[in-house]
Amino acid sequence: AGFVVLHKTVMPKILVELGFISNREEEKFIASESGQKKLAKGIFEGFSEYYRLYGRQKGVERAKAKAKEKNA
C-alpha cells in the first residue's frame, strides 16, 4: 500500500497496526496502562529481534542499496 509514512524513506521501515479504536474491546485494551505496556513490549521485542538477526550495519547497507535501486 502507498502509505505516506512508508514512502521514499531510506531506512528500513515498518508500519505497526496495534488495533482498532472502532472496536470497543480493542479500544479499552489500547487505552489501558497494561495494554500499552504489552503493546510497547511487543514492538520493542520485534525491533530487538530484527537487530539481533540483521544487525545495525546490515540494515544500513540494505537501506542504502534499496535507495540506490529506487534512484536508478
Side-chain angles (χ1 to χ4, degrees):
F3 297 110
V4 174
V5 293
L6 301 177
H7 186 66
K8 291 189 178 183
T9 58
V10 178
M11 66 195 94
K13 52 203 167 234
I14 186 169
L15 179 62
V16 179
E17 188 173 279
L18 300 173
F20 297 93
I21 60 172
S22 58
N23 178 307
R24 289 183 188 250
E25 288 183 31
E26 288 184 7
E27 180 184 18
K28 273 187 187 178
F29 180 72
I30 293 167
S32 72
E33 184 176 345
S34 63
Q36 290 175 17
K37 286 182 179 181
K38 188 173 185 176
L39 294 168
K41 183 179 179 192
I43 294 168
F44 173 78
E45 288 175 355
F47 280 110
S48 295
E49 182 68 5
Y50 177 89
Y51 187 82
R52 186 187 71 75
L53 292 172
Y54 300 106
R56 185 178 188 279
Q57 190 57 38
K58 286 184 182 177
V60 170
E61 289 170 8
R62 280 204 298 221
K64 286 180 181 177
K66 193 170 185 179
K68 191 174 181 179
E69 287 175 13
K70 282 185 178 181
N71 293 327

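No experiment lies behind these values; they were computed from the predicted model shown.
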Sequence neighbours excluded, the answer for side-chain contact (heavy atoms from CB on, under 4.5 Å) partners of Glu25 is Asn23

> Going hydrophobic residue to hydrophobic residue with side-chain gaps under 4.5 angstrom, can you get from Leu18 over to Phe44?
Replying inline: no

Residue set satisfying side chain to side chain donor-acceptor pair (under 3.5 Å) with Lys37, at least two apart, ordered chain then number -> Glu33

Main chain of Phe20, side chain of Glu27: is a donor-acceptor contact present, judged purely on distance under 3.5 Å?
no

Here the gap from Leu39 atom CG to Ser32 atom OG, rounded to the nearest 0.5 Å, amounts to 8.0 Å

One should read off an interatomic distance between Glu45 CD and Glu49 CD, to the nearest 0.5 angstrom, of 9.5 Å

Return yes when atom CD1 of Ile43 has more than 12 non-hydrogen atoms of other residues, nucleotides or ligands closer than 6.0 Å, and no otherwise. yes

The side chain to side chain donor-acceptor pair (under 3.5 Å) partners of Glu17 (sequence neighbours excluded) come to none

